[in-house]
Amino acid sequence: MMGFRKQMSWSSSAAGAQAGAQADQPMCDAAAAVVAARQGMETPLTAVAEAFEELARGMEADGGELRLAPFGDTCALVSVLFNSLGIAFKFAESEYVTKVNDLIGASKEYATLNDILDKDVEHDCVKKQGSHSRNLRRVRLGLGLIKALFEQFLATEGSLYEAATTAYGQVCAPFHSWAIRKAVGAGMYTLPTREQLILRLNETDCSVQKEMRRYIDASSPIIEYIDTLFLSRNIVLDW
């Protein structure tokens with residue numbers, strides 16, 4: 001399994017200086033290299049959106065198959081977005097990074113997402129704790145959570161708290177226990193303000209709308225593809 005190292009993260013000064021490195025969250029080696037290469041040239045939203053656009057183009061070139069290695073590296077970049085939300089989303093970031101790391105490790109044995117599902121179906125362990133298919137399902141929820149949060153952020157002028165609470169309720173809450181939902185609800189009060197989030201992402205009021213929409217558009221076909229993989233095998237998505 002590919003190891004983790006400290007990720008490169010973006011930060012913004014009042015003068016809009018280029019971002020510097022901050023060793024605070026783990027990221028897969030391959031993804032960290034991508035972040036480091038792009039640091040100082042693009043915002044994190046741009047880097048993530050571009051990676052998903054490249055992933056979609058690769059899937060089209062492969063005849064509709066989604067290869068596991070580039071998928072894992074692309075998903076690892078999303079941890080930068082979780083990190084920008086602060087303590088409130090540490091629960092999601094921690095689980096998400098662990099699951100992505102597992103999929104990157106699995107890419108040494110399996111070529112595509114189809115391959116890992118076929119193998120787990122064969123061994124009747126799709127929903128088993130620690131299986132690659134279960135981890136894929138959790139990563140997909142992470143992608144969906146960020147997508148839903150951005151959709152709520154763009155749809156209303158309300159607080160980030162309202163956007164995040166609605167997104168969590170739609171995407172993750174149905175699969176979490178009461179205790180986890182309670183803890184998450186308390187953590188939501190530590191979210192940054194809308195203005196603070198925009199600053200952390202090195203965006204402006206105008207540019208953040210463009211880049212969030214770009215992520216939504218770029219991640220949507222990947223999310224739909226993963227859902228279809230499960231549904232085509234008569235595996236419902238209520239877990």
In this structure, would F175 and L231 fall into the same cluster of hydrophobic residues linked by side-chain contacts under 4.5 Å?
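Yes.
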Let me check something: do Y225 and L237 share a hydrophobic cluster, defined by ILVMFWY side-chain heavy atoms less than 4.5 Å apart, either directly or through other members?
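Per the 4.5 Å side-chain linkage, Y225 and L237 are co-clustered.
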For [X], enumerate each residue passing the side chain to side chain donor-acceptor pair (under 3.5 Å) test, keeping only those at least two apart in sequence or located in another chain.
| X | result |
| --- | --- |
| E211 | T46 |
| T112 | D115 |
| H176 | Y168 |
| R194 | none |

Do [X] and [Y] come close enough that some side-chain heavy atom pair is under 4.5 Å?
| X | Y | value |
| --- | --- | --- |
| V121 | I235 | yes |
| F71 | I226 | yes |
| T43 | V208 | no |
| W239 | V126 | yes |
| L143 | C75 | yes |
| S79 | V100 | no |
| T74 | V48 | no |
| K128 | R134 | no |

Please name all residues satisfying side-chain contact (heavy atoms from CB on, under 4.5 Å) with [X], sequence neighbours left out, ordered by chain then number.
| X | result |
| --- | --- |
| S177 | A179, I180 |
| S207 | E203, T204 |
| A69 | S107 |

Mind jotting down which residue pairs meet the side chain to side chain donor-acceptor pair (under 3.5 Å) criterion with at least one end in residues 181-192? Sequence neighbours excluded, please.
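Qualifying pairs, neighbours excluded: Y161-Y189.
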Would you list the pairs meeting salt bridge (Lys or Arg N to Asp or Glu O under 4.0 Å) in which at least one residue belongs to [range], sequence neighbours left out?
| range | answer |
| --- | --- |
| residues 143-158 | K147-E151 |
| residues 227-239 | D118-R233, R137-D227, R140-D227 |
| residues 164-174 | none |

Minimum heavy-atom separation for [X] and [Y], please, with both atom names.
| X | Y | answer |
| --- | --- | --- |
| L154 | Q209 | CD2-CA, 3.6 Å |
| A106 | L68 | C-CD2, 3.8 Å |
| P192 | L85 | CD-O, 3.3 Å |

Sequence neighbours excluded, every pair satisfying ring-ring contact (aromatic ring centres under 6.0 Å, His included) that has a member inside residues 125-152:
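Only Y110-H132, F150-Y215 qualify under ring-ring contact (aromatic ring centres under 6.0 Å, His included).
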V97 vs F82, side chain to side chain contact (heavy atoms under 4.5 Å, CB included): CA-CA, chis, key distance, verdict
CA-CA 10 Å; V97 168; F82 278 114; over 6 Å; no
What do the steps show when you test L201 against L81 for side chain to side chain contact (heavy atoms under 4.5 Å, CB included), and what is the final call?
CA-CA 8 Å; L201 294 173; L81 304 183; 4.2 Å; yes
For E162 and S159, indicate whether the former's side chain and the latter's backbone hold a donor-acceptor pair under 3.5 Å.
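Between the backbone of S159 and the side chain of E162 there is a qualifying donor-acceptor contact (under 3.5 Å).
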